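One structure is given below, encoded as structure tokens.
Within every chain, numbering begins at 1; the chains are lettered A, B, ... in the order of the sequence lines, protein sequences first and strands thereafter. Model, not experiment: these values are computed from the prediction.
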2 protein chains.
Amino acid sequence: MRRDIFQAVADPTRRAIVLLLAVQAMTPNSIAEHFDTTRQAVSKHLRILSECELVKQQQQGREIYYHLEAEKMKEIEAWLEKFRQIWQTRFSQLDEVLEQLKKKR
Amino acid sequence: MRRDIFQAVADPTRRAIVLLLAVQAMTPNSIAEHFDTTRQAVSKHLRILSECELVKQQQQGREIYYHLEAEKMKEIEAWLEKFRQIWQTRFSQLDEVLEQLKKKR
DNA sequence: TATATAAGCAACCATTTGGTTTCGCAAATA
DNA sequence: TATTTGCGAAACCAAATGGTTGCTTATATA
């Protein structure tokens with residue numbers, strides 16, 4: 001079972017949940033109220049978000065507050081950064097080549 | 001059929017393909033050589049990447065070069081930025097509240 | 001104490017996914 | 001011209017996904 005943050009954020013409902021939880025910790029029921037879906041469906045999304053540790057639970061009486069582990073988002077940034085480096089290096093290499101061609105003329 | 005960039009980069013093989021194509025445009029066969037998979041499987045991934053316009057084709061004889069549309073990556077950055085703003089605002093609001101409490105004492 | 005509420009869990013279902021094999025077409029090459 | 005090569009498309013398959021309904025447990029409240 002693939003379960004990484006990219007998989008977690010692939011679903012639009014889960015992305016919306018992440019943004020919701022970025023504002024404040026919430027219970028499954030209160031999250032579900034923001035969407036056109038059932039609590040159980042939200043619960044499943046929360047489980048996936050929990051499994052890749054993007055979200056943590058905090059029991060409070062019979063309610064469970066889910067709050068965001070914002071640090072985890074850095075994994076996405078890290079990949080983007082990796083991409084950006086490759087993309088930039090690619091151009092700088094081209095620059096070097098062009099620079100070489102210039103000198104030879 | 002959901003087909004957005006988040007869906008596109010949800011698969012680890014597709015993320016690897018994106019990084020490969022960030023270095024240089026490649027044909028399906030040469031891409032497949034970098035992975036433990038068939039050309040057809042790569043072809044399917046390329047189709048998905050094409051559908052969300054993260055990749056463009058360029059026919060050259062009987063070969064088709066796939067190159068990255070790096071601009072598309074900004075959609076991921078945009079969402080991350082949105083998240084970051086919410087996350088930061090959340091803290092600045094807390095700061096304001098604390099600031100208020102301080103003054104009242 | 002009886003009832004209402006919050007939530008996880010399991011079973012089920014339709015659809016999507018990632019992969020394979022097979023095929024046909026077009027371009028290159030012998 | 002005959003053959004090889006590069007490719008997409010279609011048919012098929014097992015597994016995963018997103019959703020539903022029904023159940024149980026635990027906490028709060030009348």
Looking only at D:dG18, C:dT17, C:dG18, the nucleotide nearest the A:Arg14 side chain is D:dG18

| task | Answer yes or no: does a side-chain N or O of A:Gln59 lie under 4.0 Å from OP1 or OP2 of D:dA26? | result | no

Donor-acceptor check, side chain of B:Arg14 to backbone of B:Val9, threshold 3.5 angstrom: yes or no? no

Between NZ of A:Lys44 and P of C:dC12 the distance, given in whole Å, is 13 Å

Rounded to whole Å, the CG-C1' distance (B:Asp4 to C:dT17) equals 15 Å

Separation of C:dT16 atom P from B:Ile48 atom CD1, nearest Å, is 13 Å

A:Gln7 CD to C:dT16 P, in whole Å, measures 16 Å

Separation of C:dG18 atom C1' from B:Arg3 atom CZ, nearest Å, is 11 Å

Count the heavy atoms belonging to other residues, nucleotides or ligands that lie under 6.0 Å from CD of B:Gln59, then report whether that count exceeds 12.
yes

Rounded to whole Å, the CD-P distance (B:Gln58 to C:dA27) equals 16 Å

To the nearest angstrom, the CD1-C1' distance between A:Ile31 and C:dA7 comes to 12 Å

Taking D:dG18, D:dG19, C:dG18 as options, the one with an atom nearest any side-chain atom of A:Thr13 is D:dG19

So side-chain hydrogen bond (donor to acceptor under 3.5 Å, both in side chains) across residues 30-44 of chain B, not counting sequence neighbours, yields B:Thr27-B:Ser30

Margin query: For a 4.5 angstrom cut-off between non-hydrogen side-chain atoms, does B:Trp79 reach B:Ile5?
Written below: no

Considering just the side-chain nitrogens and oxygens of B:Gln60, establish if one lies under 4.0 Å of OP1 or OP2 belonging to C:dA27.
-> no

| request: Kindly confirm or rule out a cation-pi arrangement of A:Arg90 over A:Trp87, judged by NZ or CZ under 6.0 Å from the six-membered ring centre and within 45° of its axis? | output: yes

Under a 4.0 Å heavy-atom criterion, the protein footprint on nucleotides 2-8 of chain D, written with B, S and -, is --BBSBB

To the nearest angstrom, the CZ-P distance between B:Phe6 and D:dG18 comes to 15 Å

d(B:Ile31 CD1, B:Leu21 CG) to nearest 0.5 Å is 4.5 Å

Query raised in the report: Has A:Ser50 got a side-chain N or O lying under 4.0 Å from the OP1 or OP2 atom of C:dG8?
Result: no

*Do A:Lys72 and A:Glu53 come close enough that some side-chain heavy atom pair is under 4.5 Å?*
yes

Report yes if at least one side-chain N or O of A:His45 is closer than 4.0 Å to OP1 or OP2 of D:dG19; otherwise report no.
yes

Against the side chain of B:Arg47, the closest entry in D:dG18, D:dA9, C:dG19 is D:dA9

